[in-house]
Every structure is written in C-alpha cells, then in structure tokens.
Amino acid sequence: MASPITIIKNEELLFEATNIQEAASFLANHLKTTKFKYFDPIERGYVYNIPYIVKEDKYRFVAPEEIATNRRKELEEREHKNARRFWVVPANPEDYDLASAFSRYETIDWRRSRKYENGDILFMYVSDNIQRVRYKVEVIKGLVPPNEVNHNKMFWRNEAKFEQSMTGNWTRFRLVDEVDTIELSLAQLREHGLNGNIQGPMKVTGKLRNYIMSFFERDITHSYYPDEVSETLEEGKRKTIRVNVYERNPIARKHCMEHYGAQCKICSLNFEDTYGEVGKDFIHVHHIVPLHEIQQGYEVDPIQDLIPVCPNCHAMLHRKENGDYLTIEQLRERILKRA
C-alpha cells in the first residue's frame with residue numbers, strides 16, 4: 001500500500017511524495033547522495049515523528065495518522081530494526097543533578113552505557129531517596145563525537161564519577177515530558193511488570209512500557225517556540241531578539257501552560273482554534289521580570305514570572321518605546337482599543 005509522505009524542512013513544506021521511494025529519491029537529489037541512505041530515516045521519521053538532522057537543518061517526514069499508526073504496530077510486532085526502543089535508565093541524584101540540568105537545558109549529553117539510537121525513548125528513573133520515574137527523554141544523537149560533548153560539569157555532584165565518565169561514549173537526548181507521581185514509584189513498577197531493581201539501563205516492552213507511557217501525555221519541548229524571536233523591519237532588514245534561559249526552561253513552560261493554557265494572554269490568539277491540529281499547544285512564553293532585576297540563584301516561578309503569548313505580542317514586548325519596554329497591560333490596552 002502506498003504511503004503519501006510530506007517532507008518538511010525547518011518547519012517549511014519541501015515536498016509531497018506519493019510513497020517512501022519517491023520521498024527517498026527526492027531527498028537523495030536534494031542532498032546529493034544515494035537514496036538508499038534515506039529509507040530508514042524516512043520510515044522512522046513518519047512513524048515516530050523523529051527528525052532527521054543534517055548540519056543545521058531539521059527534516060521531518062509526515063504521513064497520515066492511520067498509516068503511521070499501522071506501520072508502527074507492524075514494526076513493533078515484528079521487532080523490526082526501525083522500531084523505536086524503550087529503556088528505563090537510572091539517574092542517581094547524588095551523582096548528577098538531573099533536575100537542575102533540565103531546569104536550564106532542553107538537551108543533555110549523557111553517558112552512553114548502552115547502544116542508544118536516534119529516536120529511542122528513555123524513561124529516567126531517579127534513584128536514591130526518590131525512587132520513581134520522573135522524565136521521558138528522546139535520543140536525538142545516539143553517539144556524540146568526543147569534540148561535541150557538553151559535559152555539564154556544574155551539575156555533577158560526584159567528582160569521581162564525573163572523571164570516570166570522561167573515558168566513555170556519550171548520547172544526547174532532549175526532554176519530552178516530566179511527571180511526579182507515586183504511580184511511577186519502584187513499588188508500582190514492580191506491580192506492572194518490572195522484575196527486581198533498576199541497577200542499570202534496561203529495555204522495557206509490553207505491559208510495563210505501556211504502563212509508564214500512559215503517564216506521559218505531551219511533548220513539552222517540541223514546537224513551543226524558537227531560540228530567538230525575529231521581526232521584519234523596513235527594507236527587508238531583520239532584528240533578532242534572544243530569548244532568555246528562563247523562557248526556554250521546558251519544565252517551567254509546561255507548568256505555565258498547565259496554569260494559563262496555550263492561548264495568548266494579550267491578544268487571546270489560540271493557534272489550534274485558528275489553524276487546526278498543526279497549531280495545537282503552540283505558544284511562546286514570555287518572562288515578565290526584566291533580566292537586570294534577576295539575581296544569581298534566582299528560581300523561576302512558572303505562574304508569577306511567565307506568561308503565554310503569541311509570537312507577534314512576544315516581539316512587541318521585546319521592543320522599546322521612548323527607552324522603555326511596553327508592559328503586558330500597555331500592550332493589551334492598545335489591542336483592545338483597536339478591536
């Protein structure tokens with residue numbers, strides 16, 4: 001059965017293929033290499049929504065939901081090489097402060113103690129006195145070249161373990177979702193298929209995998225907003241506004257959106273209502289407190305410090321008028337006057 005596949009490059013439509021062969025041929029011609037290199041990335045891409053990265057460019061492959069779902073089922077039932085693998089991976093907070101790392105970064109380089117591959121899902125089990133699965137992450141680079149590894153030494157609490165990790169290989173993963181529930185405690189995991197303790201990375205399938213997956217419902221770092229906000233000025237020039245680290249904190253953004261929803265709190269734009277499914281959960285998040293007022297050691301409050309806004313309102317909040325930034329109230333008042 002033919003599977004129509006849409007190729008998207010950096011969020012822009014690139015090509016609409018009628019089947020995987022045509023998609024691979026187009027991509028091979030586009031990237032000037034052999035098409036056989038792309039069958040697996042395209043299949044994994046449209047089945048699991050796994051991006052294919054080429055230097056600074058991100059390619060996504062999209063097929064109708066029913067086709068992707070059926071193919072995913074086939075791959076996993078056959079244990080096909082393109083089937084995504086799921087792991088439970090222990091993280092000792094006495095060795096590495098994973099919570100603080102995720103409060104600052106969306107992606108983390110992690111010691112590669114198994115042959116993780118792009119697209120694999122890791123359920124991070126925080127051990128010690130916590131003893132529960134807390135994070136769902138997706139591997140975006142199974143093997144990170146030594147010269148590209150970000151060791152994040154500041155988050156290591158055990159110097160000896162850090163020095164030991166320097167001799168091994170590393171994997172890069174991105175945060176997908178975070179939960180904190182007793183239902184994912186060690187005792188509950190044992191009730192749903194886990195045998196023994198979690199002393200090292202272990203593959204999970206069937207009942208246990210489905211049980212853990214049921215607690216992770218969303219992707220808190222996909223398509224929420226870019227690294228920077230750009231606005232077009234006169235004569236085609238562009239101004240770039242850097243988004244600060246607090247606005248890029250995926251966990252803080254998640255809690256902000258859980259409280260306020262994915263609707264601009266200034267102009268009331270809801271992307272899903274306007275654009276349909278493609279706009280679901282898309283929103284920027286603006287940090288209300290000016291950076292010069294933030295002291296070292298500051299911890300962001302997702303409710304008091306962050307607010308969801310659309311890209312247009314976000315850009316306006318980062319522009320100055322008579323030397324001062326517009327406040328949320330001032331911008332909202334202007335929009336209401338023009339309504």
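Bear in mind the structure is a predicted one, so any value in this text is a computation, not a measurement.
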Report task. Quickly, which of Met316, Lys320, His314 forms a side-chain contact (heavy atoms from CB on, under 4.5 Å) with His318? Name it, please. Result -> His314
Aromatic ring proximity, centroids under 6.0 angstrom, [Y] and [X]:
{"X": "Tyr96", "Y": "Trp110", "answer": "yes"}
{"X": "Trp156", "Y": "His151", "answer": "no"}
{"X": "Tyr135", "Y": "Phe102", "answer": "yes"}

Under 3.5 Å, is there a donor-acceptor pair linking the side chains of [X] and [Y]?
{"X": "Tyr59", "Y": "His30", "result": "yes"}
{"X": "Asn49", "Y": "Arg44", "result": "no"}
{"X": "Asp40", "Y": "Asn82", "result": "yes"}
{"X": "Asp128", "Y": "Asn92", "result": "no"}
{"X": "Trp87", "Y": "Asp120", "result": "yes"}

Salt bridge present between [X] and [Y] (N-O < 4.0 angstrom):
{"X": "Glu138", "Y": "Arg172", "value": "no"}
{"X": "Lys136", "Y": "Asp177", "value": "no"}
{"X": "Glu148", "Y": "Lys141", "value": "yes"}
{"X": "Arg71", "Y": "Glu66", "value": "no"}
{"X": "Lys153", "Y": "Glu159", "value": "yes"}
{"X": "Asp97", "Y": "Arg157", "value": "yes"}

**Report entry** Same apolar cluster: Ile140 and Leu175, side chain cutoff 4.5 Å
**Finding:** no
